[in-house]
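Side-chain atoms are counted along with the backbone in the values below, which use heavy atoms only and exclude waters and symmetry mates. Chain A is the first sequence line, chain B the second, and so forth, proteins listed ahead of strands; every chain is numbered from 1.
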Amino acid sequence: MGPDFFARHPAAVARDLIGARLLVAGVGGTIVETEAYDDEDPASHSFSGPTARNAAMFGPVGHAYVYRSYGVHWCLNLVCGETPGSAVLIRAIAPEHGIERMRARRGGVADRLLTSGPGRLCQALAVTREHDGLRLDRPPFELAQREAEPPIVVGSRIGLTKGVETPWRFGLKGSPFLSRPFPRAAG
DNA sequence: AGACTGATATTCT
DNA sequence: GAATATCAGTCTA
């Protein structure tokens with residue numbers, strides 16, 4: 001997964017990251033939920049141009065963008081796009097490697113809640129501001145593309161007040177580790 | 001199930 | 001000052 005993978009529209013990258021494996025210092029698992037953001041998107045941190053916080057989003061693709069959310073949690077994004085200012089938010093993974101370390105870091109919550117949310121997974125993988133701007137193809141990161149496309153569900157992004165209608169949230173169908181269910185069409 | 005609320009840092013107006 | 005790409009706890013059903 002080099003620059004060729006990331007130098008595409010963030011929605012395409014977000015979809016293709018479902019089923020990929022993400023590890024940080026050996027702890028992690030399969031990505032099961034992502035969201036795409038780009039610079040023409042009022043919900044994106046990059047919408048109003050570069051700032052100190054979002055500098056990584058305007059740097060080279062294939063690097064991490066980590067920011068603090070609500071003053072309490074960290075959120076991990078993968079910088080991508082054909083032009084500067086796009087990224088994919090990693091919202092949930094399936095906990096598969098280093099589960100004991102995740103349990104210790106997460107303070108004994110149920111296993112289903114170890115990594116099922118952007119703040120939760122950063123706590124479980126110990127992702128902080130120190131990872132902001134780091135390359136994803138070097139330690140401590142380890143990112144491996146999936147082998148075949150799994151069943152994918154699509155929906156609206158979570159927790160936004162702008163850009164709510166843009167269907168740029170992607171999930172692994174049927175995964176028990178989604179941060180929230182995907183509403184299913186009647187029928 | 002769902003609704004509400006507090007905690008908390010950084011950014012931008 | 002106000003807003004924010006969240007989470008855990010607590011309450012009402």
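- Residue contacts for A:R53: at a heavy-atom cut-off of 4.0 Å it reaches the sugar-phosphate backbone alone, with no base atom in range.
- Taking the ring centre of A:F177 as origin, the terminal cationic atom of A:R120 falls outside the region bounded by 6.0 Å and 45° from the ring axis.
- For A:R68, the CZ atom sits in a packed shell: over 12 heavy atoms of surrounding residues, nucleotides or ligands are nearer than 6.0 Å.
- Distance OH (A:Y67) to P (C:dA3): 18 Å, rounded to an integer number of Å.
- A stacked arrangement is assigned to A:Y37 and the six-membered base ring of C:dA5, with a centre-to-centre distance below 5.5 Å and an interplanar angle below 30°.
- If you measure from atom CG of A:N54 to atom P of C:dT4, you get 16 Å, rounded to the nearest angstrom.
- Listed pair A:R91 / C:dT6 meets the phosphate criterion, a side-chain N or O lying under 4.0 Å from OP1 or OP2.
- DNA chain C is contacted by both A:L121 and A:G71; A:G71 maps to the nucleotide lying nearer its 5′ end (nearest heavy atom per residue).
- Other residues, nucleotides and ligands contribute at most 12 non-hydrogen atoms within 6.0 Å of the CD atom of A:E142.
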(message) So if I define the base as every atom that isn't primed, P, OP1 or OP2, how would nucleotides 8-13 of chain C read as a B/S/- string at a heavy-atom cutoff under 4.0 Å?
(response) S-----
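- Counting to the nearest Å, the P atom of C:dT6 and the CD atom of A:E35 are 8 Å from each other.
- Where DNA chain B meets chain A (any atom under 4.0 Å from a heavy atom), the bounding nucleotides read 5' to 3' are B:dA7 to B:dC12.
- At whole-Å resolution of the value, CZ in A:R157 and P in C:dA5 are 10 Å apart.
- Among the heavy atoms of the strands lying under 4.0 Å from A:T51 are primed sugar atoms or P, OP1, OP2 only; no base atom is included.
- Only at 4.0 angstrom or more do the heavy atoms of residues 173-181 of chain A sit from any atom of DNA chain C, so none qualifies.
- Considering only side-chain N and O atoms, A:T161 lies under 4.0 angstrom from the phosphate OP1 or OP2 of C:dT4.
- A salt bridge links A:R15 with A:E149; the closest basic N to acidic carboxylate O contact falls under 4.0 Å.
- Atoms NZ (A:K162) and C1' (C:dA5) sit 12 Å apart, rounded to a whole Å.
- The one candidate from A:R105, A:R106, A:H73 that meets the side chain to side chain donor-acceptor pair (under 3.5 Å) condition with A:Q123 is A:R106.
- Rounded to an integer number of Å, the gap from CG of A:N77 to P of C:dT6 is 11 Å.
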